[in-house]
S.K.: 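First the structure, then my questions, so here it is.
Treat the numbers as computed from the prediction; the structure is a model and nothing was measured.
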Amino acid sequence: MSGENRPPAGADADGPADGGPPEQLALIRETVRKAKAPRAKPRTWRGAALAKELPVARIVVNKGVLHLDRYFDYAVPEELDETAQPGVRVRVRFGAGSGQVRDGRREGGRLIDGFLVERLATSDYTGPLAALADVVSPEPVLSPELLALARAVADRYAGSLADVLQLAVPPRSARAESRPSPAPLPPPAAPEPGSWTRYERGPAFLESLARGGAPRAVWNALPGPSWAEELARAVAATLASGRGALVVVPDGRAVARMDAALTAVLGEGRHAVLTAEAGPEKRYGQWLAVRRGAVRAVIGTRAAMFAPVRDLGLVAIWDDGDGSHSEPHAPQPHARDVLLLRAAHDRCGFLLGSLSCTVEAAQLVESGWAAPLVAGREQVRAAAPRVRTVGDEQLARDEAARAARLPSLAWEAVRDGLRTGPVLVQVPRRGYVPRLACERCRTPARCRHCAGPLEAPEQQELRCGWCGRGAPDWHCVECGSVRLRAQVVGARRTAEELGRVFPSVPVRTSGRDHVLDTVPGRPALVVSTPGAEPVAEGGYAAALLLDGWAMLNRPDLRAGEEALRRWIDAASLVRGQGEGGTVVVVAEPTLRPVQALVRWDPVGHAQRELAERAELGFPPVSRMAAVAGPVDAVLGFLASAPLPPDAEILGPVPLPVVRPGGPTRPGDPPAGESWERALVRVPPGSGAALAAALKQAQASRSTRGPVPPIRVRVDPPDIG
DNA sequence: AGCACGCCGACT
DNA sequence: GTCGGCGTGCTC
């Protein structure tokens with residue numbers, strides 16, 4: 001299906017996937033030590049009895065601090081010899097105070113958790129080794145594969161191994177560990193291709209998996225509910241080859257659908273579900289069943305991306321554009337990139353599926369690393385609804401629309417739809433912040449120097465949100481207009497008024513705090529925020545996508561892609577145009593994402609976005625990192641970081657101050673403090689050097705005295 | 001981050 | 001002499 005297994009562009013093409021170079025300081029110190037004293041047999045305080053074979057244990061300690069991101073050697077006491085095997089959890093004394101001996105025990109170190117990485121005959125460390133305090137449990141939870149993956153993720157995101165391990169290995173539950181896992185089942189028969197026949201290379205993809213191959217594909221799924229079953233068949237094909245499979249989906253609803261689909265295709269007992277919802281003990285039990293090889297297929301939300309599946313044959317991610325694939329805990333890895341690293345490392349199959357298409361997905365195809373898995377146009381036309389647009393000019397001319405606050409085309413679509421079934425109305429969430437755009441043609445206003453988004457904070461001077469330079473003489477590059485606008489629309493009110501326009505029809509709502517899973521096929525108005533749309537029995541007769549303008553003008557590089565994804569996701573719940581399914585989107589028909597929706601061409605949209613990002617030096621073609629903190633600290637940090645010569649620093653610019661007691665998001669500065677943020681941008685190929693530099697600067701920073709806090713994030717998701 | 005060591009000034 | 005200030009450096 002695709003060529004040899006070189007690493008994917010944009011993922012780890014420019015990063016050492018296997019460990020990375022040792023830091024220079026450590027290297028020098030190591031050399032000096034070796035010169036002074038050759039490898040020593042371990043001596044412990046007071047010479048307690050040690051294991052006879054391989055008396056040294058290499059430990060990774062559970063401390064996320066970056067200057068402790070290396071291994072520490074400990075002596076293995078005789079009584080722990082048997083259980084102290086690679087991969088087990090251990091407790092060790094760790095901390096300052098070397099050389100304090102009292103009663104034959106070393107004092108001063110605190111007991112902390114860690115993992116045993118390997119057993120060795122000798123240590124490079126010249127001092128006397130402390131002894132392992134305890135082996136927590138004989139369960140080898142950290143396999144060499146998982147360790148290598150965690151190392152690669154830490155390097156890619158300028159984070160520490162310990163932080164990644166915290167995400168990758170769930171907390172222990174002794175009860176779950178003591179329960180035996182079920183006996184593994186023999187591989188099932190290869191499945192029929194089913195609805196994969198709708199895709200040109202679908203059956204071939206399944207056959208390759210079933211034969212033990214490692215095909216890699218970016219799959220643009222046809223609208224409708226079949227994707228879960230199709231993913232389940234890909235899993236089944238992989239199991240048939242005697243290998244394991246892993247599927248990561250964005251949320252609990254998608255997990256439930258995959259769970260049902262896998263049960264239908266494979267029967268009971270062949271797959272594990274890894275979600276946080278299950279509670280720690282149950283989750284650890286499932287995780288253990290996977291690690292022990294009792295279960296070979298895994299589905300779950302993002303934490304499952306590290307699932308220790310044995311003999312991995314396929315990693316798959318569904319809807320990679322969904323924000324919940326981004327891990328909020330340090331170092332904030334994205335499930336797509338973790339799975340890319342796994343695919344490259346384990347040389348297994350890779351499947352990225354979505355109804356829509358991200359720029360990153362397009363890049364995987366563009367670079368040749370993955371093959372496109374798409375349906376022909378006639379399949380798309382049959383499955384997708386008819387899409388019509390209502391632009392602002394049309395809206396302005398439409399007297400009836402102004403009076404009723406509803407364009408007549410939209411009114412007709414709702415009225416006609418309600419004759420045969422439910423009608424979906426999508427309204428943007430409140431809190432969507434539109435960004436500045438040309439008043440006439442709606443082209444986003446960008447900085448002349450770095451192409452960042454322009455902002456006018458609190459009616460102040462117009463300036464760039466990235467580099468902070470002012471833009472007093474801005475004019476639109478497309479049409480020459482000098483006027484800007486930012487519009488916040490009364491979306492909810494419009495939806496409420498819809499209910500008044502159709503008083504005899506029940507109105508149901510689905511949103512953040514109250515999400516409906518399904519609605520019956522009877523006529524009803526279903527008002528929903530993006531992502532919370534219920535599935536309608538038999539499909540919606542029509543959908544109304546309101547206030548596209550607000551969706552498209554958020555101050556985010558992904559605004560267009562995200563709006564299109566939200567629209568496609570909603571429109572995919574509508575019947576195909578053969579059955580009369582109609583979608584009306586209220587947005588300017590000349591805009592690229594709107595046109596892509598009308599043509600139902602998310603892949604083409606992503607390809608054009610990718611070309612543009614390459615031209616403007618935007619991620620994912622370039623790689624960026626964000627450095628946030630008090631302005632002096634940010635500047636000092638950047639000055640001390642050994643950035644690659646091709647790195648470009650944008651800003652810093654002030655971040656919005658969080659009001660005490662106000663809403664906070666992870667990553668926000670502490671309430672009341674004024675922080676600034678700089679962006680560091682490097683061209684393709686320098687991503688690994690950037691991450692290494694940021695890591696080193698963080699490590700040397702924390703060794704010297706109390707320092708003001710700094711937040712570093714590789715691949716920040718919210719750059720304007 | 002902790003935590004201990006060490007090299008300087010005021011105290012019993 | 002020796003108690004303890006916190007500046008500096010290490011953690012197997």
Side-chain angles (χ1 to χ4, degrees), chain A residues 22-34 36-48 50-51 54-77 80-81 84 86 88-136 142 147 159-163 165-166 329-331 629 633 637 640 670 695-712:
Chain A
E23 266 154 38
Q24 209 146 18
L25 279 177
L27 195 67
I28 290 164
R29 208 169 54 191
E30 216 64 56
T31 320
V32 169
R33 274 192 182 139
K34 268 183 197 156
K36 251 193 227 163
R39 290 172 157 236
K41 280 259 170 71
R43 298 170 288 133
T44 43
W45 307 97
R46 187 94 162 262
L50 296 184
L54 306 176
V56 176
R58 187 149 281 179
I59 305 298
V60 49
V61 294
N62 257 1
K63 280 204 152 229
V65 237
L66 278 156
H67 57 277
L68 297 180
D69 194 19
R70 55 202 161 95
Y71 297 137
F72 291 87
D73 289 347
Y74 283 79
V76 181
L80 296 179
D81 181 25
V88 301
R89 301 179 206 254
V90 294
R91 309 259 295 158
V92 293
R93 292 206 173 271
F94 189 84
S98 57
Q100 279 228 331
V101 190
R102 201 180 296 163
D103 289 345
R105 292 233 191 99
R106 217 175 132 240
E107 297 271 318
R110 300 165 71 85
L111 272 177
I112 66 166
D113 293 318
F115 297 97
L116 199 159
V117 169
E118 62 181 323
R119 290 278 297 266
L120 302 164
T122 58
S123 170
D124 288 343
Y125 186 65
T126 54
L129 296 182
L132 286 181
D134 204 0
V135 171
V136 176
L142 183 60
L147 176 65
S160 68
L161 180 62
D163 278 347
L165 289 177
Q166 196 132 17
H329 298 110
F637 178 86
S640 74
K695 189 169 173 178
Q696 195 181 318
Q698 286 182 88
S700 50
R701 224 171 76 89
S702 45
T703 50
R704 211 168 239 292
V707 277
I710 278 267
R711 277 183 203 144
V712 175

S.K.: Stacking between A/F72 and the base of C/dC12 (centre distance under 5.5 Å, interplanar angle under 30°)?
M.R.: no
S.K.: I need the CG-P distance between A/L50 and C/dC12, as an integer number of Å.
M.R.: 16 Å
S.K.: Only counting residues at least two apart or in another chain, list the ones meeting side chain to side chain contact (heavy atoms under 4.5 Å, CB included) with A/E118.
M.R.: A/R58, A/L120
S.K.: Distance check needed: C/dC12 C1' versus A/L132 CG, whole Å only.
M.R.: 10 Å
S.K.: In whole angstroms, how far is the P atom of B/dA1 from the CD1 atom of A/I710?
M.R.: 12 Å
S.K.: Quick one: does A/R89's side chain get under 4.5 Å of A/F115's, heavy atoms only?
M.R.: yes
S.K.: Among residues at least two apart in sequence or on other chains, which ones pass side chain to side chain contact (heavy atoms under 4.5 Å, CB included) with A/A330?
M.R.: A/D163
S.K.: Please report the distance, rounded to the nearest Å, between CG in A/L129 and P in C/dC10.
M.R.: 18 Å
S.K.: Could you state the CG-P distance from A/L111 to C/dC12, rounded to the nearest angstrom?
M.R.: 12 Å
S.K.: Separation of A/H67 atom NE2 from B/dG2 atom P, in whole Å?
M.R.: 10 Å
S.K.: Counting only side-chain nitrogens and oxygens, does A/R58 get under 4.0 Å of the OP1 or OP2 atom of C/dC12?
M.R.: no
S.K.: Quick one: label A/I59 by what it contacts on the DNA or RNA (base, sugar-phosphate, nothing), any heavy atom closer than 4.0 Å.
M.R.: nothing
S.K.: Can you tell me how far P of B/dC3 sits from CG of A/L68, to the nearest Å?
M.R.: 14 Å
S.K.: Measure from the side chain of A/F94, starting at C-beta and using heavy atoms only, and say which of B/dC3, C/dC12, B/dG2 lies closest.
M.R.: C/dC12
S.K.: By nearest atom, which of the nucleotides B/dG2, C/dT11, C/dC12 is closest to the A/K63 side chain?
M.R.: B/dG2
S.K.: Rounded to the Å, how far apart are A/R70 CZ and C/dC10 C1'?
M.R.: 9 Å
S.K.: Testing A/I59, A/V92, A/V90, A/N62 one by one against A/I112 for a side chain to side chain contact (heavy atoms under 4.5 Å, CB included), which residue passes?
M.R.: A/V92
